[in-house]
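Before anything else, here's the structure in question.
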Amino acid sequence: MCGRYVQTSPADALAARFGARLPEGLAWVPRWNVAPSTPAPVVRADGPGRELALLTWGLLPSWAKDAAGLRPINARAEGLAGKPMFRDALRRRRALVPADGFYEWQASGPGKVPWHFRLKGGGAFAFAGLWERREAPGGPPLETFAIVTTEANDVVRPVHARMPVILDAEAEALWMREGALSPDEAARCLRPLDASRMEAWAVSSWVSSPARDGPRCVEPAG
DNA sequence: CCAGACGTTGTT
DNA sequence: GTCTGG
DNA sequence: CCAGACGTTGTT
DNA sequence: GTCTGG
């Protein structure tokens, strides 16, 4: 799964890295502990191009009667095209969710140990994302997103059975192509990243409280 | 037909 | 135990 | 995802 | 909105 991640790149760097328009006034303070129900930067289609936007993590479908209720933060890649909750978003509202790391909790023995995962040497990447817009009478529409998950690769598996989909350069382009993807194209995007490209280390349970933030979150456990 | 769900993860 | 908030 | 709350009445 | 279960 993926229920907490790192996104420290400034908005202008994200716009440059992902070829997205940067809306005036969009601000992002680097975060080492992005949690569900909070805003985070997302890259989505903007006419023929792309734009950066801040959306709330936890997908609220357009047909939801109220803002409460189910807001899945993840969407399983397996069987995704058949899920009423995600089908329309998979066809028309795919997104890149920029990050530079994520956490998984190892539930072995008493207590849970958080681990930090990133690309070898660090650097920005994109999770495969889906987004939705739900109109809200008398207010601005609620825009939300979810992160697609798949089975864990060899780096993540010792810690957790699932991991977020990290798109490589080719998959980024395909995932953001206009129009629906064929089942084969979707499957090509939604695979576990090659384990040789990742590194991981255990971190202090200091990160476990979503109220905490800062570089300390990713310091190796002492 | 209508009513009710629509999700993931982990644990038992 | 279960729900809400971040 | 995890952490933290989980309630009412009346008074200030 | 759309699918599943009764």
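Quantities reported herein were computed from a predicted structural model and do not represent experimental measurements. Quick note on labels: first sequence line is chain A, next is B, and so on, each numbered from 1.
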- Considering only the P atoms, how many Å lie between B/dA5 and D/dC6, rounded to the nearest integer?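 Per the computed distance, 27 Å lies between those P atoms.
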- Item | Per-nucleotide pairing state of DNA chain C [Watson-Crick or G-U, under 3.5 Å; [ ] pseudoknot-crossing; | other strand] | ||||||
- Message: Output the rounded distance in Å from CZ (A/Arg71) to P (C/dT4).
- Response: 12 Å
- Message: Give me each pair satisfying ring pair (Phe, Tyr, Trp, His ring centres under 6.0 Å) with a member in residues 67-100 of chain A, each pair once, sequence neighbours excluded.
- Response: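 Qualifying pairs, neighbours excluded: none.
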- Check whether more than 12 heavy atoms from other residues, nucleotides or ligands sit under 6.0 Å from atom CD of A/Glu178, and answer yes or no. no
- Have a look at A/Ala107 and say if it touches a base, only the backbone sugar-phosphate, or nothing, with a 4.0 Å heavy-atom cut-off. sugar-phosphate
- Indicate, with a heavy-atom threshold strictly under 4.0 Å, whether A/Phe86 touches base, sugar-phosphate, or nothing.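 Answer is sugar-phosphate: A/Phe86 comes under 4.0 Å of backbone atoms only.
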- Item | A/Trp201: partners by ring pair (Phe, Tyr, Trp, His ring centres under 6.0 Å), with sequence neighbours left out | A/His116
- Message: Taking the P atom in each of D/dC1 and B/dT8, what is the distance between them to the nearest angstrom?
- Response: 12 Å
- Message: Of all nucleotides in DNA chain D that come within under 4.0 Å of a heavy atom of chain A, which is furthest toward the 5' end and which toward the 3' end?
- Response: D/dC1 to D/dA3
- Query: So what does A/Thr149 touch, heavy atoms closer than 4.0 Å: a base, only the sugar-phosphate, or nothing?
  - Reply: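 Here A/Thr149 touches the backbone only, sparing every base.
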- Pairs where residues 1-46 of chain A contributes a residue and the test ring pair (Phe, Tyr, Trp, His ring centres under 6.0 Å) is met, not counting sequence neighbours: A/Tyr5-A/Trp57, A/Tyr5-A/Phe127
- Message: Main chain of A/Trp131, side chain of A/Glu143: is a donor-acceptor contact present, judged purely on distance under 3.5 Å?
- Response: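 No, because the side chain of A/Glu143 does not come within donor-acceptor range (under 3.5 Å) of the backbone of A/Trp131.
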- Task: Taking only heavy atoms on the protein side, list every residue of residues 208-222 of chain A lying under 4.0 Å from any atom of DNA chain D, sorted numerically.
- Result: A/Ser208, A/Ser209, A/Pro210
- Message: Let me confirm one number: the CG-CZ distance from A/Leu96 to A/Arg44, rounded to the nearest 0.5 Å.
- Response: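 Reported to 0.5 Å precision, the distance equals 12.5 Å.
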- Hey, is the main chain of A/Ala77 close enough, under 3.5 Å, to the side chain of A/Thr150 for a donor-acceptor pair? no
- Message: I'd like to know if the side chain of A/Arg93 reaches the main chain of A/Leu90, judged simply by a donor and an acceptor atom lying under 3.5 Å from each other, with no hydrogens or angles considered.
- Response: no
- Task: Using whole Å, report how far CZ of A/Arg134 lies from P of E/dG1.
- Result: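 Rounding to the nearest Å, CZ of A/Arg134 and P of E/dG1 are 13 Å apart.
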- Message: Please evaluate residues A/Asp194 and A/Ser196 with respect to the criterion side chain to side chain donor-acceptor pair (under 3.5 Å), reporting the C-alpha separation (whole Å), side-chain torsions for both, the decisive distance (0.1 Å), and the verdict.
- Response: CA-CA 5 Å; A/Asp194 194 311; A/Ser196 68; 2.8 Å; yes
- Item | Pair A/Cys217-A/Val203, side-chain contact (heavy atoms from CB on, under 4.5 Å): steps then yes or no | CA-CA 7 Å; A/Cys217 290; A/Val203 295; over 6 Å; no
- For B/dA3 and C/dG6, measure between their C1' atoms and round to the nearest Å.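 My reading of the C1' atoms in B/dA3 and C/dG6 gives 34 Å.
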- Item | Between C/dT4 and D/dG7 - P atom distance, rounded Å | 10 Å
- Under 4.0 angstrom, heavy atoms only, what part of the nucleic acid is A/Ala68 near: base, sugar-phosphate, or nothing?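 Nothing: the residue A/Ala68, judged by heavy atoms under 4.0 Å, touches no strand.
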- Short N-O contact, A/Glu78 and A/Arg162, less than 4.0 angstrom: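 Salt bridge between A/Glu78 and A/Arg162, a charged N being under 4.0 Å from a carboxylate O: yes.
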- Report which part of the nucleic acid A/Arg76 touches: base, sugar-phosphate, or nothing (heavy-atom distance under 4.0 Å, all strands).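 Answer is sugar-phosphate: A/Arg76 comes under 4.0 Å of backbone atoms only.
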